Amino acid sequence: MKTSQNIIITGASSGIGFEITKSLASLNHQVFAISRNIKPINDFITSNNISNIKPIPFDLESEDFSSLSSFINETKIHHLINNAGLLINKPFENLSFNDFKRQYEVNVFSVFKLIKFLNLNFINNQSTICNITSMGGINGTSKFPGLLGYSSSKGALSIFTECLAEELKERGVNVNALALGAVQTEMLEKAFPGYKANVSPKEMADYIVNFVLNDSKLFNGKILPISSSTP
Ligand SMILES: NC(=O)c1ccc[n+]([C@@H]2O[C@H](COP(=O)([O-])OP(=O)(O)OC[C@H]3O[C@@H](n4cnc5c(N)ncnc54)[C@H](OP(=O)(O)O)[C@@H]3O)[C@@H](O)[C@H]2O)c1
């Protein structure tokens with residue numbers, strides 16, 4: 001078994017991120033679990049008597065990331081999983097600039113801010129960053145009305161991943177993205193009401209956990225599509 005790793009995950013309170021958090025904790029890793037609502041994480045900690053998850057209540061739309069210091073301090077971070085996402089499903093006519101901007105704030109700008117904030121916590125030649133993007137954020141894939149802000153922000157995250165991988169490669173910090181297809185979560189229900197995905201959050205979380213722990217060092221600057229359906 002691998003030694004315990006320090007892993008930060010955003011969007012830990014629900015869907016895929018909650019399953020990733022539980023899975024990493026069960027493998028004895030130290031998990032720093034970021035989301036606005038930490039109740040589901042606290043309930044899980046209490047009911048399973050777990051000590052290796054640190055819930056961090058934090059809004060990724062915040063201007064100031066310095067309050068994260070008190071939770072993370074100088075802890076060396078082996079893996080960062082940027083999983084949090086915001087999807088506002090509105091047709092272009094009803095989509096305000098604020099709706100558009102908020103999706104970029106969570107899906108792109110917060111990823112930049114968090115990586116900047118953690119820069120000294122990463123370990124040269126060891127750490128990896130995994131950005132969770134979407135099939136909709138890949139050039140030439142099917143696009144859907146109502147998802148302009150979401151899909152374009154995920155597209156930005158994909159190119160951000162390729163560019164950051166170039167920037168960090170001298171340090172040996174690998175940066176990749178997984179472009180997910182449909183997974184049965186609250187977000188999917190917002191995007192495609194009534195659609196039933198053939199992948200559960202637990203199944204996708206298991207894939208992501210295995211990728212991050214075992215495979216992420218084999219890739220750099222790659223956007224890997226993880227999808228068997230459209231959407
Ligand atoms: N489900 C799919 O079919 C699908 C497909 C492609 C890609 N993805 C991607 O997979 C990732 C996980 O999605 P999911 O389906 O599991 O969604 P989900 O169940 O809606 O979970 C989204 C998570 O993001 C967090 N979040 C949102 N805004 C935040 C903010 N301002 N600050 C901190 N945390 C915030 C939420 O936590 P709080 O509300 O507690 O803050 C929640 O934990 C996302 O990046 C999504 O874009 C999902």
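Bear in mind that the values here come from a model prediction, so they are computed numbers and not experimental data. The residues of the chain are indexed from 1 along the displayed sequence. Atoms within each ligand, like the ligands themselves, are counted from 1 in listed order.
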| said: Classify the ring geometry of F97 against F100: parallel below 30°, tilted from 30° to 60°, perpendicular beyond 60°. | reply: tilted

| query | Any non-hydrogen atom of F58 lying under 4.0 Å from ligand 1? | reply | yes

| field | Distance-minimising heavy-atom pair for A33 and I53 | value | CB-CG2, 4.0 Å

| query | Mind checking whether G11 has an N or O less than 3.5 Å away from an N or O of ligand 1? | reply | yes

| remark: In terms of heavy-atom contacts, S153 and Y104 come closest through N-OH, 3.5 Å

| query | Do F58 and F65 have ring centroids that are under 6.0 Å from one another? | reply | yes

| field | Atoms of ligand 1, numbered as shown, that sit under 4.0 Å from any heavy atom of A182 | value | 3 (O)

| field | Taking atom 36 (C) of ligand 1 as the reference point, the nearest protein heavy atom with its distance | value | S13 OG, 3.9 Å

| message | Between the side chains of K113 and E61, is the shortest nitrogen-to-carboxylate-oxygen separation below 4.0 Å, so that they form an ion pair? | response | no

| message | Under a 3.5 Å cutoff, is there a donor and acceptor pairing between the side chains of S66 and D64? | response | yes

| Side chain, backbone, both or neither: which part of Y150 comes within less than 4.0 Å of ligand 1 when only heavy atoms are counted? | side chain

| said: Can you tell me which portion of T133 lies within the under-4.0 Å heavy-atom range of ligand 1? Options are side chain, backbone, both, or neither. | reply: backbone

| task | Give the residue, atom name and distance (to 0.1 Å) of the protein heavy atom nearest atom 22 (C) of ligand 1. | result | G85 O, 3.9 Å

| message | Under a 4.0 angstrom heavy-atom cut-off, which atoms of ligand 1 come close to I16? | response | 10 (O), 16 (O)

| request: Look at the rings of F211 and F219 and say which category their plane angle falls in: under 30° parallel, 30 to 60° tilted, over 60° perpendicular. | output: tilted

| query | Which residue owns the protein heavy atom closest to atom 10 (O) of ligand 1, what's the atom, and how far is it? | reply | I132 CG2, 3.4 Å

| remark: atom 3 (O) of ligand 1 has as its nearest protein heavy atom V183 N, 2.7 Å

| said: Taking only non-hydrogen atoms of N83, do any sit less than 4.0 angstrom from ligand 1? | reply: yes

| query | Between A84, G15, P201, which one has a non-hydrogen atom sitting closest to atom 26 (N) of ligand 1? | reply | A84

| message | Just to verify, which of L180, I132, I9, T21 counts as forming a side-chain contact (heavy atoms from CB on, under 4.5 Å) with I16? | response | L180

| said: Does any N or O of ligand 1 fall below 3.5 Å from an N or O anywhere on K154, backbone included? | reply: yes

| Proximity winner for atom 32 (N) of ligand 1, if only heavy atoms of L178, L86, V106, L60 are counted | L60

| message | Ignoring hydrogens and geometry beyond distance, is a side-chain donor-acceptor pair present between D99 and S96 at under 3.5 Å? | response | yes

| Short list, please: which atoms of ligand 1 are under 4.0 Å from a heavy atom of L180? | 5 (C), 6 (C), 7 (C), 10 (O)

| field | For atom 31 (N) of ligand 1, closest protein heavy-atom neighbour | value | D59 OD1, 2.8 Å

| query | Can you list the steps and then say if R171 with N119 is a side chain to side chain donor-acceptor pair (under 3.5 Å)? | reply | CA-CA 11 Å; R171 287 180 58 187; N119 203 25; 2.7 Å; yes

| query | How close does the nearest protein non-hydrogen atom get to atom 20 (O) of ligand 1, and which residue and atom is it? | reply | M187 CB, 3.6 Å

| said: Test your reading of the structure: does G17 have an N or O sitting under 3.5 Å from an N or O of ligand 1? | reply: no

| query | In terms of residue, atom name and distance, what is the protein heavy atom nearest to atom 5 (C) of ligand 1? | reply | G181 O, 3.2 Å

| task | Give a yes or no on whether the backbone of G194 and the side-chain of E189 come within a donor-acceptor separation of less than 3.5 Å. | result | yes

| message | Side chains of N131 and T161 only: does a donor on one sit below 3.5 Å from an acceptor on the other? | response | yes

| query | Side chain, backbone, both or neither: which part of A12 comes within less than 4.0 Å of ligand 1 when only heavy atoms are counted? | reply | backbone

| field | Distance filter under 4.0 Å to S134 heavy atoms, resulting ligand 1 atoms | value | 6 (C), 7 (C)

| message | Could you walk me through whether K143 and T141 satisfy the side chain to side chain donor-acceptor pair (under 3.5 Å) test, starting with their C-alpha distance in whole Å, then the side-chain angles of each, then the deciding distance to 0.1 Å, before giving a yes or no? | response | CA-CA 6 Å; K143 299 296 182 285; T141 58; 2.8 Å; yes

| What protein heavy atom sits nearest atom 42 (C) of ligand 1, and how far away is it? | S14 OG, 3.5 Å

| said: With the threshold set at under 4.0 angstrom, would you say P231 reaches ligand 1 through any of its heavy atoms? | reply: no

| request: Say whether S127 and H78, considering side chains only, have a donor N or O and an acceptor N or O under 3.5 Å apart. | output: no

| field | Contact with ligand 1 for M135, non-hydrogen, under 4.0 angstrom | value | no

| task | Provide the number and element of each atom of ligand 1 under 4.0 Å from a heavy atom of L188. | result | 3 (O)

| query | Ion pair present between E19 and K22, side-chain N to carboxylate O less than 4.0 angstrom? | reply | yes

